[in-house]
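Both ligands and their constituent atoms are indexed starting at 1 by order of listing. For reference, positions follow the sequence shown, starting with 1.
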Amino acid sequence: MKRFLSVENLTLVAIFVGIAFGYYFKEAALAIEVVGQIYLALLKMLIIPLVVASIFVAITSLEDTSELKSIGLLAFAYYLTTTALAVTLGLVIFNIFDPGAGKAVLTDLTSSAHLPQPKELSISDFLLSFIPTNIFEALSKGAILPIIFFTILFSVAALFIETPKRQILFNFFDAINDSMMVLAKWVITLTPLGVFALLAATVAKHGLEPIFNLYSYVLTVLAALAIHAVVVLPAIAYLIGRFNPYRYFWQIKEAPLIAFSTASSSATLPVSIEVAETKGGVSKKVAGFVLPLGATINMDGTALYESIAVMFIANLSGVELSLAQQITIFITATFASIGAAGIPGAGLVMMTMILDSVGLPAEYIALIITVDRFLDMFRTAINNWGDLLGAKIIDSLLARSRS
Ligand code: ASP
């Protein structure tokens with residue numbers, strides 16, 4: 001019984017009950033909208049401390065001995081390249097299939113004056129918008145890109161100070177990170193209630209059409225994930241790592257399968273390290289460094305899904321995104337996947353930041369929440385597969401450079 005009453009199962013029930021409730025009891029559904037808004041506010045409350053602490057901890061985990069430096073550089077190069085490829089693939093596949101195009105169900109809303117319109121930015125404004133002239137102002141405004149920019153520079157600078165001093169900062173941010181994870185788990189227990197209220201209110205306001213539109217969105221995300229997992233990542237492994245990626249997958253398949261079932265990169269980490277070392281032949285040093293860092297910041301599946309989801313939401317909102325806004329999505333989706341915690345639904349939390357960056361209301365995640373848990377399983381498995389391939393590629397490169 002207790003097993004059946006898990007958050008995942010209750011969320012699944014809440015999805016269906018919420019839709020029916022919103023459809024049949026419009027007034028009541030609108031009255032409880034505030035419950036959904038409270039749930040969203042609680043999620044958003046976690047973003048900044050989580051982003052700052054997880055990036056700081058990840059970067060300052062680098063030791064400054066030369067071997068770890070090269071592992072660190074290779075790891076960051078791999079993470080950034082594959083994440084950028086994933087977002088690009090997401091945007092390309094989206095533009096080919098264009099799910100939800102011409103099905104704007106929220107045009108009436110977006111055209112009303114009280115909702116923010118997508119921002120138009122010149123290139124110089126765009127570049128300057130990365131640099132927080134006052135970090136406390138950026139923090140208080142929740143300007144996520146400048147915060148990330150500052151955190152990266154701050155963390156790299158911390159690598160150059162005396163070790164005991166760095167240790168103090170590390171312990172501080174590590175403790176914040178752990179506490180935020182606990183808090184996130186608490187907020188996640190409210191998911192069934194939040195999902196119920198959000199969906200009921202959305203259906204009451206907009207009818208059921210957005211939900212019927214979702215099949216094209218789901219298929220687009222799954223197709224792009226499949227291409228990334230079966231073609232793009234293995235090609236990198238084959239060309240750069242010079243090993244057979246499919247044979248490697250067979251050796252380490254246990255980890256992506258657990259990632260799929262748990263929808264959590266963090267929960268899968270002990271299994272990933274174990275199978276990479278014992279079955280995949282990755283050295284202890286590389287696996288012990290690249291996999292924990294990867295579970296925190298390397299999420300190809302999440303990055304790809306974020307880009308498609310935001311473009312899809314824009315389509316349903318009847319908003320044409322300019323090239324500058326698509327570039328903003330490219331950058332924010334990359335950082336959102338870096339900042340996302342390795343827990344179920346973390347990608348959805350981070351999506352509010354991408355929506356915000358292109359002037360779409362965060363509440364619109366309600367449009368895709370119905371299928372989020374389902375897609376979470378697939379994207380987490382791809383996140384994990386990307387980490388494991390990265391460890392093997394870096395291990396092969398180091399082994400080759402030594403011989
Ligand atoms: N559940 C994903 C993970 O743990 C993160 C996400 O929600 O995209 O890797």
> Around atom NZ of Lys141, are there more than 12 heavy atoms of other residues, nucleotides or ligands at under 6.0 Å?
Replying inline: no

>> Using 30° and 60° as the class boundaries, would you call the ring planes of Phe154 and Phe56 parallel, tilted or perpendicular?
In response: tilted

>> Could you work out, with salt bridge (charged side-chain N to carboxylate O under 4.0 Å, His left out) as the rule, every residue matching Asp376, not counting sequence neighbours?
In response: Arg379

> Who are the residue neighbours of ligand 1 when the rule is a heavy atom under 4.0 Å from any of its atoms?
Replying inline: Ala263, Ser264, Ser265, Met299, Thr302, Ala341, Gly342, Ile343, Pro344, Gly345, Ala346, Gly347, Asp376, Arg379, Thr380, Asn383

>> Looking at Tyr246, I'd like to know if its OH atom is crowded, meaning that more than 12 non-hydrogen atoms belonging to other residues, nucleotides or ligands lie closer than 6.0 Å.
In response: yes

>> Using the ring pair (Phe, Tyr, Trp, His ring centres under 6.0 Å) criterion, which residues pair with Phe196? Sequence neighbours excluded.
In response: Phe21

What pairs of donor and acceptor atoms, side-chain ones from residues 168-182 against any protein atom, are under 3.5 angstrom apart with sequence neighbours left out?
unit_1, atom_1, unit_2, atom_2, d
Asn171, OD1, Gln167, NE2, 3.2
Asn171, ND2, Gln167, O, 3.4
Ser179, OG, Ala175, O, 2.7

